[in-house]
Amino acid sequence: MTIKGKHVLQVVLALCLSLLFFVSFSNVTTNDQTAYAADNSLQKIKQKGTLVVATSPDYPPYEFQTTKNGNSKIVGMDMSVAKKVAKGLGVKLVVKSMSFDSLLVAIETGKADVAIGGINPTAKRRQSVDFTHIYYSGGQSFLVNKAEKLKYYSRAKLKNQKVGAQTGTLQYDLAKQRIPGVTVKGMDKNTDLVLALKTHKIAAVGMETPTAKAYVENDSSLAMIPSGYKLNKNDVGAAIAAPKGSTALIDAMNKSVDQIKKQNLTDGYLKTAGTYMKTNTNNTSMFHYWKYFAKGVEYTLIISAISVVFGVLLGTILALMRFSHNKLVHAIAVAYIEFVRGTPLMVQVMFVYFGIGIIINLPALLSGIIAVSLNSGAYVAEIIRGGIDSVAKGQTEASQSLGLNRTDTMRYVVMPQALKNIWPALGNEFISLIKESSIVSIIGVTDLIYQLNIVRADTYRGVMPVFIAMILYFIMTFILTRILNHYEGKMNHAK
C-alpha cells in the first residue's frame, strides 16, 4: 500500500468513528422525539422507582458535600428540593455527581433523568432541554476582594477589566454581553475563580447572590457587590432541567415545585444548608478532611493500575499489528494510534461516557478506565514499536539461521531486548498515567482531583487543598519511580 493509500484509509477509519458518534447522538434525538410523541417520561420514572438527578456538588449553598459520622453526603438547598420532588413522584432519589458543564449533556444522553444545580432556564438552554417552574430566584452579584470594594463598587466600574465566571453559566454570558470592554475568564469551578480573584488574576467573579453571600460569610477577605442586571424572570432563577418533550414528568414535578414556592420552603432549605456550611467551616484543617483525600488516592490508583495493564496489552497488540505484513491490519493500527494521539483525552473520556454510553449504559468509573486504557494503549504502542526497531537486525537474522520462525523470534529474541530498551520510556508513561487519570473527574469519578475540588468548596480554602493534592501525587509518582528504577537496575545487571 502506498503512503497516500495509507493516509486515505486512516481518514476513512477516522470518519467511521466520527460517524458512529454522530449516529449515537442522532439516536438520542430520535429517542427524544419518540418520547415526546409517546410522553411516557413519568411512567418510566415510576416503573423503575428512582429519580436519577445529576448535580455538581461544589456550589454552596445550592449543593455541596459534608461529612457526618465519617460518611460523606451531598447536601444543600437543591438537594432538599430534589428530595421533595422525588417524594412527590413516589420514587427514591438517586444523586449522580459530575461537572456543571456536563449536567445537560447527562440528560440528553440518558445518564440522568433530570439535572439540578442552580441552573438558570435561559432561552438557549430551553432549545435542548425542558425546565420546571422556577423554584428559587436568588439574584445576581459580583464577588470582589474586600480591599478593592471601593474601587469596584458597581458593575460600571468593571469596565475594561477581567471578570471571572463559571463556564457555561448565565453569569458568563451576562458579563460578556453587558460589561463594556470586559475580558471574561471562564473556569469550570467556582473555587478556581475565587482563587484567581484572591491572587488578583481577575477583578471580580459573577455569581448567584446566595453563593456569593456564602463566600463572603466564610472568607473575611471577600466582599459582594450588586450586579445591577435587569433580567427577564423567565431566564433567571433556578429550575430543574429534564429531557426535551418530557411534558408528563415536568407537570408532575411542577406540583412539588409550586408547593415549595407557595409554602416558601426554600427559606428553610437555605437555613439547613447554612447549618451544614457552618459545620464544614468549624474545622477546615486538611487532616479533618483526610478521608476525602484518601478516597481520591484510592480511586486514582485503581484507575491507573487497571489502565496500565490494559494499556500495555493493547499497546503490544497495536505495535505487533504495525509490523504485520497484512496491509489492512497495519493500516488499522496506524489509524487508531494517529486518531487517539490526535484527540484530547478529555474528549475521549466524554465520548466513552456520554457517546458509547448511549448504547451501553456504562458507570462513570468504568468509562474512565476504558477511556484512559484506550488512550494509553496508543502511546504504549509507539514506545514498544520504537523498542522493537532498536533491536539490531542481526539478532533477527541470527535467530532465523537457528531455525526460529517469525513468531518465536519476536517472542524469545526481539521482545526481551526491546523491553530493556523501552523500560525507561514505559516507566514515564506509567507515571504520566497517574497524573493524566485526573481528567476523569469531569464525569464525576471521585479521584483525587474531584475530591480536591470538593474540599475547596466545603472549606473555602483555595491553596492548601491544592498543595495537599500536589504532595499526594508526588508521593505516588515517587514510589512508582523507585519501583521502576529497581527493576531497571535488575535488567541492566542481567545483561
Side-chain angles (χ1 to χ4, degrees), residues 51-66 72-83 93-109 111-122 125 128-129 131 135-136 138 164-172 186-195 205-208 210-212 214-215 237-242 269 273 276-277 280 292 296 299 346 349-350 353-354 364-365 367-368 438-460 462 465:
L51 179 68
V52 181
V53 178
T55 191
S56 179
D58 56 358
Y59 199 54
Y62 287 89
E63 50 271 320
F64 56 100
Q65 287 200 13
T66 190
S72 176
K73 65 176 182 177
I74 300 175
V75 296
M77 179 182 69
D78 281 346
M79 292 300 99
S80 297
V81 171
K83 289 178 183 178
L93 177 67
V94 176
V95 180
K96 183 176 288 189
S97 61
M98 59 189 65
S99 63
F100 180 82
D101 54 2
S102 297
L103 296 183
L104 299 188
V105 180
I107 298 175
E108 294 178 282
T109 56
K111 287 296 182 180
D113 299 318
V114 298
I116 193 169
I119 305 174
N120 305 120
T122 61
R125 287 173 177 162
S128 57
V129 296
F131 286 95
Y135 59 84
Y136 180 76
Q166 196 172 11
T167 305
T169 61
L170 175 65
Q171 293 78 31
Y172 184 96
M187 294 184 180
D188 291 336
K189 305 291 182 182
N190 272 322
T191 47
D192 294 329
L193 290 166
V194 173
L195 182 57
V205 180
M207 287 185 177
E208 293 265 0
T211 303
Y215 274 100
I240 303 173
Y269 296 162
Y276 283 119
M277 290 166 62
N280 284 354
Y292 285 73
Y299 274 80
M346 178 185 292
V349 170
M350 296 184 70
Y353 186 59
F354 294 116
L365 177 60
S367 298
S438 62
I439 202 68
V440 300
S441 62
I442 63 172
I443 58 173
V445 179
T446 54
D447 74 320
L448 186 53
I449 293 297
Y450 179 92
Q451 297 295 80
L452 152 70
N453 288 320
I454 294 299
V455 174
R456 293 174 70 194
D458 287 357
T459 62
Y460 298 92

> If we only count heavy atoms from C-beta on, is the D188 to S99 side-chain gap below 4.5 Å?
no
> Could you measure the distance from the OG1 atom of T167 to the CG atom of L193? Nearest 0.5 Å is fine.
7.5 Å
> Determine, stepwise, if the pair N120 / T122 fulfils side-chain hydrogen bond (donor to acceptor under 3.5 Å, both in side chains).
CA-CA 6 Å; N120 305 120; T122 61; over 6 Å; no
> How far apart are the C-alpha atoms of V105 and M98, what are their side-chain angles, what is the distance that settles it, and do they pass the side chain to side chain contact (heavy atoms under 4.5 Å, CB included) test?
CA-CA 11 Å; V105 180; M98 59 189 65; over 6 Å; no
> Please give me the minimum heavy-atom distance between V129 and A241, naming the atom from each residue.
CG2-CB, 4.2 Å
> Any non-hydrogen side-chain atom of M79 less than 4.5 Å from a side-chain atom of I116?
yes
> Between E63 and S56, which heavy-atom pair has the shortest distance, and what is it?
CG-O, 3.3 Å
> Grab the two heavy atoms, one from M350 and one from S102, that are nearest each other, plus how far apart they are.
CE-OG, 4.2 Å
> I need the minimum non-hydrogen distance between I240 and V81, along with the two atoms involved.
CD1-CG1, 4.2 Å
> To the nearest 0.5 Å, what is the distance between CG on L93 and CG on L51?
6.5 Å
> Kindly indicate, with the supporting measurements, whether the criterion side-chain hydrogen bond (donor to acceptor under 3.5 Å, both in side chains) is fulfilled by Y450 and S97.
CA-CA 10 Å; Y450 179 92; S97 61; 2.6 Å; yes
> Measuring from E208:CD to Q171:CD, what's the distance to the nearest 0.5 Å?
5.0 Å
> Quick one, N280 with F64, criterion side chain to side chain contact (heavy atoms under 4.5 Å, CB included). Give me CA distance, side-chain angles, the key distance, then yes/no.
CA-CA 10 Å; N280 284 354; F64 56 100; 3.6 Å; yes
> What are the two closest non-hydrogen atoms of A112 and A54, and how far apart are they?
CB-CB, 3.7 Å
> Provide the closest heavy-atom pair for D447 versus Y299 in the form atom of the first, atom of the second, distance.
CA-CB, 4.0 Å
> Determine whether I443 and K111 make a side-chain contact, defined as any pair of heavy atoms from C-beta on separated by less than 4.5 Å.
no
> Nearest 0.5 Å, please: how far is CD in Q451 from OG in S441?
10.5 Å
> Got a donor-acceptor contact below 3.5 angstrom from the Q65 side chain to the K73 backbone?
no
> Heavy atoms, side chains only, cut-off 4.5 Å: are T211 and P61 in contact?
yes
> I'd like to know whether T191 forms a side chain to side chain contact (heavy atoms under 4.5 Å, CB included) with D58, so could you lay out the CA-CA distance, the side-chain angles of the two residues, the decisive distance to 0.1 Å, and finally the verdict.
CA-CA 8 Å; T191 47; D58 56 358; 5.7 Å; no
> Quick one: are V194 and M207 in side-chain contact, heavy atoms under 4.5 Å?
yes
> Begin with the C-alpha distance, continue with both residues' side-chain angles, and end with the deciding distance and a verdict on side chain to side chain contact (heavy atoms under 4.5 Å, CB included) for I119 and F131.
CA-CA 9 Å; I119 305 174; F131 286 95; 3.7 Å; yes
> Working to the nearest 0.5 Å, report the span between OG1 of T446 and CD1 of I454.
9.5 Å
> Working to the nearest 0.5 Å, report the span between CG of L104 and OG1 of T109.
10.5 Å
> For the residue pair Y269 and Y136, establish whether any side-chain heavy-atom pair is separated by less than 4.5 Å.
no
> Counting heavy atoms not belonging to Y460, are there more than 12 under 6.0 Å from its OH?
yes
